Engineer: 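I'd like to ask some things about the structure below.
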Amino acid sequence: MRNAEVEPWVHQYVVTLHLLKALDRDRKLTEGMKLARIWDGLMEKLSMLAEREHIGVKQRLRRSGRRIVLEEVTPERNYHVMYVFQGYEFHCSMMPVVLKGKCEEKLRQLLLESEEKSTADISVGREAISRASAEYVKNRKENATVDGNRIL
């Protein structure tokens, strides 16, 4: 794999890492709110989704032979990552404004995916109920007649 193919993964690594930190910080801020339990549940779910995404990105980087060796904030407040592949070092930098925008974009994506999954789960549940209901009606009709006599 070439470096150009992997750099987006490094960006995703940085974005998901900072999204996890931001969600943790925001979760602490919601503790004093009146609906704190609801917000806490939402933050927990989003954190789990972001963590799953972050772990997946880390595994992809590891499988491709890349290793992140340095993460730092530069004096210009940019986020700098240095990673190594086949003995060569590569650098990736992100400005704070870009990083914030990417985090917001990733959060929207996670929310949409979560909503789509919930909708799919509901429709699968409805289908299962419909099948069970049809099976129940069928069994009831079969068991309702014995020797041609209808049993109530």
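Only heavy atoms go into these numbers, but all of them, side chains included; no hydrogens, no water, no symmetry mates. Please read these numbers as outputs of a predicted model, since none were measured by experiment.
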Engineer: Less than 3.5 Å apart, any donor N or O on the side chain of E105 or Q109 sitting next to an acceptor on the other?
Structural biologist: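 No, because no side-chain N or O of E105 sits under 3.5 Å from a partner of the opposite role on Q109.
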Engineer: Is it the case that over 12 heavy atoms from other parts of the model lie below 6.0 angstrom from the CG atom of L111?
Structural biologist: yes
Engineer: Would you mind telling me which of E51, Q12, H54 makes a side chain to side chain contact (heavy atoms under 4.5 Å, CB included) with L17?
Structural biologist: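 The option that passes is H54.
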Engineer: Is it the case that atom NZ in K106 sees more than 12 heavy atoms from other parts of the structure closer than 6.0 Å?
Structural biologist: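 Correct, the count exceeds 12.
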Engineer: Taking the side chain as everything from C-beta on, heavy atoms only, tell me whether D40 gets closer than 4.5 Å to R27.
Structural biologist: yes
Engineer: In this structure, would I38 and L29 fall into the same cluster of hydrophobic residues linked by side-chain contacts under 4.5 Å?
Structural biologist: no
Engineer: Would you say Y79 and C92 make side-chain contact, with heavy atoms under 4.5 Å?
Structural biologist: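 The answer is no; the side chains never approach within 4.5 Å.
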Engineer: If you measure from NE2 on H11 to OG1 on T16, what distance do you get to the nearest 0.5 Å?
Structural biologist: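 These two atoms lie 12.5 Å from each other.
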Engineer: Side chains of V69 and R67: closer than 4.5 Å at any heavy-atom pair?
Structural biologist: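 SC-SC contact between V69 and R67 confirmed.
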Engineer: For E53 and Y13, does a side-chain donor sit closer than 3.5 Å to a side-chain acceptor?
Structural biologist: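 E53 vs Y13: no donor-acceptor pair found between side chains.
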Engineer: Evaluate whether atom CZ of R60 has more than 12 neighbouring non-hydrogen atoms of other residues, nucleotides or ligands under 6.0 angstrom away.
Structural biologist: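 Count over threshold, so yes.
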Engineer: Does the R25 side chain pair with the main chain of L23, one donor and one acceptor, at a distance under 3.5 Å?
Structural biologist: no
Engineer: Once rounded to the nearest 0.5 Å, what's the spacing between atom CG of L35 and atom OG1 of T30?
Structural biologist: 10.5 Å
Engineer: For the NZ atom on K100, are there more than 12 heavy atoms of other groups (residues, nucleotides or ligands in this structure) within a distance under 6.0 Å?
Structural biologist: no
Engineer: Are M43 and L107 connected in a single hydrophobic cluster, I mean Ile/Leu/Val/Met/Phe/Trp/Tyr linked by side-chain heavy atoms less than 4.5 Å apart?
Structural biologist: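 Same hydrophobic cluster.
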Engineer: Without hydrogens or angle criteria, can the side chains of E89 and Y83 be said to hold a donor-acceptor pair below 3.5 Å?
Structural biologist: no
Engineer: Within a strict 4.5 Å, meaning less than it, do heavy atoms of the H80 and H91 side chains meet?
Structural biologist: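 Counting from C-beta outward, H80 and H91 do come under 4.5 Å.
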